[in-house]
Amino acid sequence: MAAPAPTPKMSGQGMLYVVSKIASKDLGEAQYIKWYEEDHIVEIVETSGIKSALRYKNVDPSSADKPYMVTYPMEDIGFTQGEEFKNIKVHSDLLPGGGPIYDLVDIDVRYYGLIQKYDPNGPTKEGKVKTVMTAGLTPNDNISDQEFDDWYRTEHLPALATVPSYLRTTRYKLLYYRTNTQSRTLKGLPARAADLAVKEPPKFFAIHEFDIDDIKMDTLNKAGRSEWTNRILANLRDPLEVGMWSLEGSFGEKKFFQ
């Protein structure tokens, strides 16, 4: 599995997408969440470039490789390349031995640029979102980026909007990603043999928001099925990456590109 290329220059609206799993027997879930909510996220939303954070848990954590997800929307994702972001702490009194967190948790980080906001129902009020579905896709050479974008805008999203519990969608393009090893390097920590390179994440990513706790996949599949959809799904470089997540908490301004 290849490691990501050097960090490109990034700017514009975007999202820091973080998924993780506990990798040490010394750290329990309750302690991990306490560190996240009472220390880490608090510090992040007090920075000048990140004002909101949303924390999720996979609805089927036993089957998820990394069952914890946090998203950080930004007006300028270039903030992540500055010193203020790099100085965010990785040690804490809330962690076993004081950390660092990268010794206790396996974390994958993706930097996504925002490419579309689809709000057919108007602005979403705070507390309305209960569950989100994430979908990551990388078309192969048979599908151009333009065709993929046209499919999403003109067919797929309007079809999803017919599902009664559907609220809105935000769509993204991958700008960069880093592994646990690179996160350690960013924070001045030594590399470890236990940290392996990850497979390149999907090029395109979407977060679909719903106002119910239990999303029926058969309902979504029925609403979104078409010949064009079949063509897209038959021409993916890698299998479709799908996740179902319950919203566990919102922090800071509690906004997500609204």
Side-chain angles (χ1 to χ4, degrees), residues 1-2 4-5 7-8 10-21 50 52-59 64-80 107-119 124 129 131-140 143-157 159-161 166-179 182 198-210 215 217 220-221 224 229 232-233 235-247 255-258:
M1 296 182 181
T7 312
M10 296 181 285
S11 64
Q13 287 184 304
M15 168 186 70
L16 193 67
Y17 164 94
V18 182
V19 288
S20 61
K21 65 179 177 182
I50 303 176
S52 297
L54 294 90
R55 188 180 69 79
Y56 304 84
K57 186 175 181 180
N58 195 283
V59 298
D65 178 47
K66 293 181 175 65
Y68 308 103
M69 177 176 79
V70 180
T71 59
Y72 303 95
M74 284 170 274
E75 288 303 305
D76 183 8
I77 199 168
F79 170 75
T80 60
I107 302 173
D108 289 339
V109 181
R110 305 176 188 176
Y111 300 71
Y112 277 113
L114 181 69
I115 57 177
Q116 183 185 5
K117 292 186 290 185
Y118 181 71
D119 298 283
T124 301
V129 178
T131 309
V132 303
M133 179 178 75
T134 57
L137 306 87
T138 304
N140 63 25
I143 304 291
S144 67
D145 288 357
Q146 185 62 60
E147 180 183 355
F148 182 78
D149 189 66
D150 289 345
W151 166 73
Y152 241 119
R153 291 177 185 272
T154 65
E155 180 178 286
H156 191 56
L157 290 180
L160 283 180
Y166 174 84
L167 295 172
R168 67 194 289 259
T169 291
T170 49
R171 294 178 51 224
Y172 310 86
K173 184 175 181 179
L174 184 68
L175 302 176
Y176 180 66
Y177 69 101
R178 58 181 164 88
T179 63
Q182 289 182 306
V198 297
K199 188 174 184 179
E200 182 176 351
K203 181 178 181 179
F204 297 105
F205 195 77
I207 297 179
H208 308 293
E209 301 175 5
F210 298 85
I215 305 172
M217 281 301 300
L220 297 179
N221 290 335
T229 297
I232 296 293
L233 296 180
N235 285 281
L236 298 180
R237 189 192 66 190
D238 300 306
L240 175 67
E241 179 190 275
V242 176
M244 290 290 186
W245 311 82
S246 62
L247 180 60
K255 295 180 179 179
F256 195 72
F257 300 115
Q258 289 149 321

Practice problem: Go through the steps to decide whether Y172 and L174 satisfy the test side chain to side chain contact (heavy atoms under 4.5 Å, CB included), and finish with yes or no. | Solution: CA-CA 7 Å; Y172 310 86; L174 184 68; over 6 Å; no
Exercise. Apply the test side chain to side chain contact (heavy atoms under 4.5 Å, CB included) to residues I207 and W245: give CA-CA distance (whole Å), side-chain angles for both, the deciding distance (0.1 Å), then the verdict.
Key: CA-CA 10 Å; I207 297 179; W245 311 82; over 6 Å; no
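Taken to the nearest 0.5 Å, the NZ atom of K203 stands 3.5 Å off from the CG atom of D145. To the nearest 0.5 Å, the span separating OH on Y166 from CG on L157 amounts to 5.0 Å. The distance from the OH atom of Y118 to the CD atom of E209 is 13.5 Å, given to the nearest 0.5 Å. Once rounded to the nearest 0.5 Å, the distance linking CD of E200 with OH of Y177 reads 5.0 Å. Here OG1 of T138 is found 13.0 Å from CG of N235. Values are rounded to the nearest 0.5 Å. The structure places CE of M74 at 11.0 Å from OG of S52, a figure rounded to the nearest 0.5 Å.
Between P202 and R110, some side-chain heavy-atom pair lies under the 4.5 Å cut-off. Looking at heavy atoms from C-beta onward, D65 lies in side-chain contact with K21 at the 4.5 angstrom threshold. The side-chain heavy atoms of I77 and L16, taken from C-beta on, include no pair separated by under 4.5 Å. Looking at M133 and V242, their side chains come closer than 4.5 Å, going by heavy atoms from C-beta outward. Here the side chains of W151 and T229 are in contact, with some heavy-atom distance below 4.5 Å. Contact annotation: the side chain of Q258 approaches that of R168 to within less than 4.5 Å [non-hydrogen atoms, C-beta and beyond].
The two residues I143 and P139 make their nearest non-hydrogen contact at CB-CB, 3.7 Å. Annotation for I107 and S20: closest pair CG1-CB, 3.9 Å, computed over non-hydrogen atoms. The two atoms that bring P73 and L54 nearest to each other are CD-CD1, 4.3 Å, heavy atoms only. When every heavy atom of R237 is checked against every heavy atom of P201, the shortest pair comes out as NH2-O, 4.3 Å.
Of the candidates T131, T170, T134, T169, H208 forms a side-chain hydrogen bond (donor to acceptor under 3.5 Å, both in side chains) with just one, namely T169. Each of F204, Y72, Y176, F205 was scored for a ring-ring contact (aromatic ring centres under 6.0 Å, His included) with Y112, with one residue passing: F205. With Y152 as reference, L137 is the one residue of L160, I115, L137 to meet the side chain to side chain contact (heavy atoms under 4.5 Å, CB included) rule. Among L220, V129, V132, the one residue that satisfies the side chain to side chain contact (heavy atoms under 4.5 Å, CB included) test with F210 is L220.
Remark: K117 NZ is packed, more than 12 non-hydrogen atoms of other residues, nucleotides or ligands lying under 6.0 Å away.
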